[in-house]
Each structure stands twice: as C-alpha cells, then as structure tokens.
**Q** 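Once you've had a glance at the structure underneath, I'll fire off some questions.
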2 protein chains.
Amino acid sequence: MPEDGGPVWKVGELARRTGLTVRTLHHYEQVGLLRPAARTAAGHRLYGAADVRRLYQVVALRELGLPLDVIGILLAGEADIAERLAEHLALVEQRLVRLRSLRSRLAALVATAESTGSTAPADLLGLIEEVVRMQDVINNYFSEEQLALLEERRRALGEDAIAAAEAEWPELIAKVQAEMDAGTDPADPRVRALAGRWMGLLEAFHGGDDGLRESLFTMYAENSEQINRDSGGPSPDMIAYISRANAAD
Amino acid sequence: MPEDGGPVWKVGELARRTGLTVRTLHHYEQVGLLRPAARTAAGHRLYGAADVRRLYQVVALRELGLPLDVIGILLAGEADIAERLAEHLALVEQRLVRLRSLRSRLAALVATAESTGSTAPADLLGLIEEVVRMQDVINNYFSEEQLALLEERRRALGEDAIAAAEAEWPELIAKVQAEMDAGTDPADPRVRALAGRWMGLLEAFHGGDDGLRESLFTMYAENSEQINRDSGGPSPDMIAYISRANAAD
DNA sequence: GTTGCACCTGACGTAACGTGAGGTCCTAGC
DNA sequence: GCTAGGACCTCACGTTACGTCAGGTGCAAC
C-alpha cells in the first residue's frame with residue numbers, strides 16, 4: 001500500500017497534530033514501530049492515513065504503560081492483546097502494592113520527623129535504617145499475597161482504626177510490664193483481661209488468617225530481640241507471661 | 001581516618017553480607033557514593049567499619065526510592081533529610097494517583113475483553129483508543145488535585161457504589177430519551193422525577209465541589225459529541241430537556 | 001542570492017546497575 | 001615450587017524512550 005492518492009503529512013505536522021515530538025517519531029521509525037509510507041526525493045518523511053491510524057494505536061497502547069517492543073508485537077498481531085493487557089494489569093497491581101507500602105513508610109518517617117521538630121540528621125538516619133531493616137525482615141516472612149492481604153485489611157479498617165490499634169500496643173505492653181514487675185500471677189483476672197486485649201489486637205492484625213498468624217509468630221520467634229529493640233515490641237518473657245495467662249482458663 | 005586498626009572486608013565478603021552484588025559496590029564507588037577506606041597493593045578494595053555503616057545508610061535510603069545522587073547529597077549533610085523525604089513522599093503520592101488511574105483503566109479494559117469473550121483485536125484496539133482518548137480529555141479539564149480528590153471520593157464510596165452509579169446512567173438516559181420521544185412536557189412529574197435522579201447522580205460525582213462541577217460542565221460543553229459517541233453520554237438536547245425539567249419548579 | 005525554517009542523520013546522555021571480556025592475585029593442594 | 005580454581009581488577013557495552021545538541025541539506029519567500 002504505497003499510499004499513492006491520499007493525504008500525506010510531513011513529520012513536523014504529524015508531531016503537532018499528535019502532541020508528540022519529531023524526535024519521538026524518528027525514534028518510532030528507528031525501532032520499527034512506525035515507518036512512514038514514503039519519502040520525498042530529499043529524504044523527508046511522508047506519512048499516510050494508515051500511518052496516522054497506526055500512530056494513534058501506538059500512542060494509546062503507550063499510554064497504558066506498555067513498552068514499545070510489546071506494542072510492536074501486539075500491532076503485528078503476534079500476540080493476544082487481551083492477554084497482554086491482563087499481564088500488564090497484574091504488573092501494575094504489583095507496583096501499586098509496593099508503592100503503597102513505600103508511601104506508608106515514607107509518611108510515617110516524615111510525620112515522625114515533623115512531630116519531633118528538627119530531628120538531628122544522625123538520629124533521623126538511624127530511624128530510617130531501622131524502618132527499612134524492619135521492612136526487609138517483614139518482606140522475608142510475609143509473601144507478596146500476604147502483604148497485599150494486609151494492605152486490603154488496612155484499607156477496610158481505615159486509617160484511624162489502624163492508628164488506634166498501633167497506639168494501643170505500647171500502652172498495653174506497659175501495663176503488662178507493670179503486672180510482671182509487681183509479680184502478679186498470670187492467672188489473676190486483671191492479667192487475664194490484659195491478655196484478652198492482647199489477643200484482640202493480634203486478631204485485628206491477622207484477622208483469623210492462619211497463614212498470617214503463623215508468619216507473624218515465626219517472624220517474632222526469629223527476630224524477637226531486634227523487634228524488641230527497634231520497635232518497642234514485647235520481650236519473649238512477656239510473650240510467655242501472656243501465654244500462661246491465656247492458658248489459665 | 002585511614003582505618004588502621006579495625007576489621008576490613010573485601011568486596012565479595014561485603015557483597016554477601018549486604019545482599020548486594022559486587023558490581024553494585026563497584027558502581028557506588030564509581031559514582032562517589034562509597035569509596036573503600038583502602039586498597040591492597042594489588043588494588044583490591046578494603047572496606048572498613050565506617051564504610052560498612054555508610055553502606056547500610058545508602059541501602060536504607062535507596063530502599064526508600066531515593067536516587068543515588070540525592071543519597072550522596074544527603075549523606076554529605078548538604079541537604080535536609082526530612083525535607084527531601086517530604087518531597088519524595090509527594091512524588092510517590094503523585095505516582096500512586098497516576099498508577100491507580102492507570103490500573104482502573106486497565107482493569108476496565110480487561111474486564112470488557114473478558115466479558116465479551118474473545119474480542120476481535122481490531123475492536124479491542126478501537127476500544128483502547130477510545131478509553132485513552134477519553135482519559136486525555138479528562139486530564140485536560142481536571143487538575144491533578146481534582147483527579148486526586150475524585151480518587152478519594154471513589155475510595156470512600158466503595159467499588160460497588162461506583163459500579164452501581166455508573167450502571168444507573170445508561171438506564172436513566174434511556175428513560176429520559178423515551179420521554180423525549182413521547183413528547184412529554186419537561187414539567188411533567190415523571191420527567192421531574194427523572195431529572196431529580198439525574199441531579200443526584202451528578203451530585204454523587206462532584207459531591208458539591210464547585211470546581212469539579214464547573215470542570216465537568218466545561219468538559220461536556222466542549223466535548224459533547226465525542227462523549228456522546230464514545231461513552232454513550234447524553235446528547236446536548238437531553239441536557240437542555242433536563243434543565244427545563246429542573247427549572248420548572 | 002540569501003534568510004529562515006523544516007528537515008535530515010549521527011551520536012551522546014539519562015538511572016542503576018547486569019553482563020561479559022580479558023587479565024591479575026591469592027590460596028590450597030601436590 | 002608449581003598449578004588450578006576462585007576472587008579480584010578494569011574497561012565497556014546493553015538496558016528504556018526518548019532529549020538534546022551538532023553539523024549539514026531542502027525549500028519557500030524576499
């Protein structure tokens with residue numbers, strides 16, 4: 001189809017009409033995505049109507065985030081478009097999960113930095129290291145699906161509920177510590193009430209999902225000291241104390 | 001601090017301990033991020049304790065998604081870390097908005113492709129073009145903040161409510177069209193009831209935000225034919241009809 | 001004839017490394 | 001003392017989708 005009769009566009013015109021740059025059109029030709037139907041004697045590119053149609057398809061697929069080589073394959077009819085879109089969607093979902101996770105860490109860090117006023121650079125760096133190391137540990141113990149599930153639950157619960165639950169932990173830990181220091185019997189009703197709150201908070205985290213609970217316990221078992229040191233988590237002794245309180249029924 | 005006494009690590013050991021590759025450590029040296037404290041006579045890199053500490057800082061900041069050059073600046077104390085983190089957070093939020101928008105378009109396309117069975121490639125390509133063009137138009141009329149606000153509202157309403165509202169439009173438009181075809185007076189109670197539902201759906205979209213309503217109206221006014229053709233939106237005649245129904249109070 | 005704009009073809013730069021290629025160093029075993 | 005197998009070294013190109021000169025040609029108007 002050498003486009004003998006129809007309208008033709010030079011590269012600059014086409015660029016203006018599509019909002020692309022001339023360089024982009026050059027590039028698309030270079031990678032074989034869009035070859036102009038013809039050239040003038042002087043070598044100037046001449047695009048025909050079919051080229052323009054194809055270019056709009058290229059742009060549309062590009063705006064969906066597909067890489068140029070895939071676009072080439074799709075437009076050549078050498079792959080199933082719906083299938084590739086589904087694959088791409090999965091990839092985008094994955095990126096979203098990661099990006100959301102990253103945002104929550106960044107937001108927490110920024111909030112901490114703001115609330116503590118002008119934190120000394122060294123302190124802030126240390127805090128950043130802790131947060132990131134913690135995340136690495138978490139990523140080691142929870143699968144991608146589990147993390148996505150947790151994200152889901154967090155969204156369902158809402159930010160405030162999450163913040164409230166997280167704020168409850170240090171308070172609860174302090175109270176349990178007080179009872180331990182006082183030598184209270186784990187079977188004492190007061191301690192058993194605290195243990196009940198404890199299990200409630202845990203439940204709020206894993207939501208009854210055995211896999212999540214299992215992963216959480218494994219992670220704690222193998223990293224108790226770091227969790228204790230970096231995040232103010234409970235000591236193994238305290239875990240044992242709570243277990244005894246729960247067992248006393 | 002030429003690290004005369006302390007422990008030293010060779011590049012391979014350090015790589016294993018940090019989970020990085022040797023190439024990455026080479027790269028960090030090349031860009032000036034982490035210069036080993038010393039070299040052996042043969043030129044082998046020797047990293048000291050201070051280097052290891054710095055490396056962990058680099059890795060932590062990298063895991064927050066900061067570019068290496070920024071990390072270098074931050075570790076040199078030449079910029080405020082909290083400030084840069086806040087900036088970076090804003091960037092991440094922006095990416096999130098875009099990515100979420102992309103995902104919703106992809107999901108809609110994939111769902112359509114699946115529900116209609118094996119759509120012909122050409123049809124699917126046409127649909128993709130429509131969706132992308134529509135999005136371009138939308139991006140022209142709504143600012144980033146407005147789009148983020150819309151995202152927010154969508155999340156607050158929940159997926160099902162959105163789907164229900166979107167499903168309601170075609171039905172409503174069909175009913176109004178029927179009344180128009182029947183020549184019913186816009187002031188007729190039936191039409192006024194339809195107009196009421198109409199305004200309710202609009203309200204569900206803009207939520208009373210004047211800016212959003214304004215942008216939506218401008219967009220419709222300047223693109224009514226495309227919206228009508230591509231998305232089954234209402235015709236200008238229908239808009240006028242509804243307006244008269246609302247004015248008749 | 002020349003001015004000015006559109007067009008052309010290289011070719012390097014971008015971010016953060018991956019991946020050889022080709023050569024040197026070091027340690028353990030013989 | 002010699003050699004084999006790792007670990008180490010320094011280039012240097014490849015990746016993605018173009019941006020950005022640089023240096024030269026084509027074309028229409030004055």
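In this text, all values refer to a predicted model and were calculated from it rather than measured experimentally. The sequence lines fix the lettering, A, B, ..., with proteins before strands; numbering per chain opens at 1. Atoms considered below: every heavy atom in the structure, side chains included; atoms not considered: hydrogens, waters and symmetry mates.
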**Q** By the salt bridge (Lys or Arg N to Asp or Glu O under 4.0 Å) test, which pairs, at least two apart or in different chains, include something from residues 94-103 of chain A?
**A** A:R98-A:E144, A:R100-A:E151, A:R103-B:E93
**Q** For B:T40 and for A:K10, locate the closest nucleotide of DNA chain C by heavy-atom distance; then report the residue assigned to the nucleotide nearer the 5' terminus.
**A** A:K10
**Q** Tell me which residues in residues 23-33 of chain A put a heavy atom below 4.0 Å from DNA chain D, sorted by number, or none.
**A** A:R23, A:T24, A:H27, A:Y28
**Q** Describe, as an angle rounded to 10 degrees, how the axis at the first end of the helix from C:dG1-D:dC30 to C:dC30-D:dG1 is tilted relative to the axis at the last end, five pairs per end.
**A** 40°
**Q** With a 4.0 Å cut-off on heavy atoms, is B:T21 in touch with a base, just the backbone sugar-phosphate, or nothing at all?
**A** sugar-phosphate
**Q** Would you check if the side chain of A:T24 reaches a backbone N or O of A:L20 as a donor-acceptor pair within less than 3.5 Å?
**A** no
**Q** Tell me, please, the opening and closing nucleotides of DNA chain D, 5' to 3', among those with an atom under 4.0 angstrom from a non-hydrogen atom of chain B.
**A** D:dC8 to D:dA12
**Q** Describe the nucleic acid contact of A:R16 in one word from base, sugar-phosphate, nothing, applying a heavy-atom distance below 4.0 Å.
**A** nothing
**Q** Do you see a donor-acceptor pair shorter than 3.5 Å between the side chains of A:Y141 and A:E222?
**A** yes
**Q** Extract all donor-acceptor atom pairs below 3.5 Å that involve side chains of residues 54-65 of chain A and protein atoms in other chains or at least two apart in sequence.
**A**
unit_1, atom_1, unit_2, atom_2, d
A:R54, NE, A:L33, O, 2.7
A:R54, NH2, A:L33, O, 3.1
A:R62, NH1, A:Y28, OH, 3.3

**Q** Sub-3.5 Å donor-acceptor pair from the side chain of A:Q146 to the main-chain atoms of A:S143, do we have one?
**A** yes
**Q** Would you kindly give the CZ-to-P distance between A:R17 and C:dA6, to the nearest whole Å?
**A** 17 Å
**Q** Would you call B:R154-B:E166 a salt bridge at under 4.0 Å N-O?
**A** yes
**Q** Specify the separation, in whole Å, of atom OH of A:Y47 and atom C1' of C:dC7.
**A** 11 Å
**Q** By a strict heavy-atom criterion of less than 4.0 Å, which residues belonging to residues 68-77 of chain A are in contact with DNA chain C?
**A** none
**Q** Please check if atom CZ in B:R39 has more than 12 non-hydrogen atoms from other residues, nucleotides or ligands closer than 6.0 Å.
**A** yes
**Q** Is the backbone N or O of B:P36 less than 3.5 Å from a side-chain atom of B:D51, with the two atoms forming a donor-acceptor pair by type?
**A** no
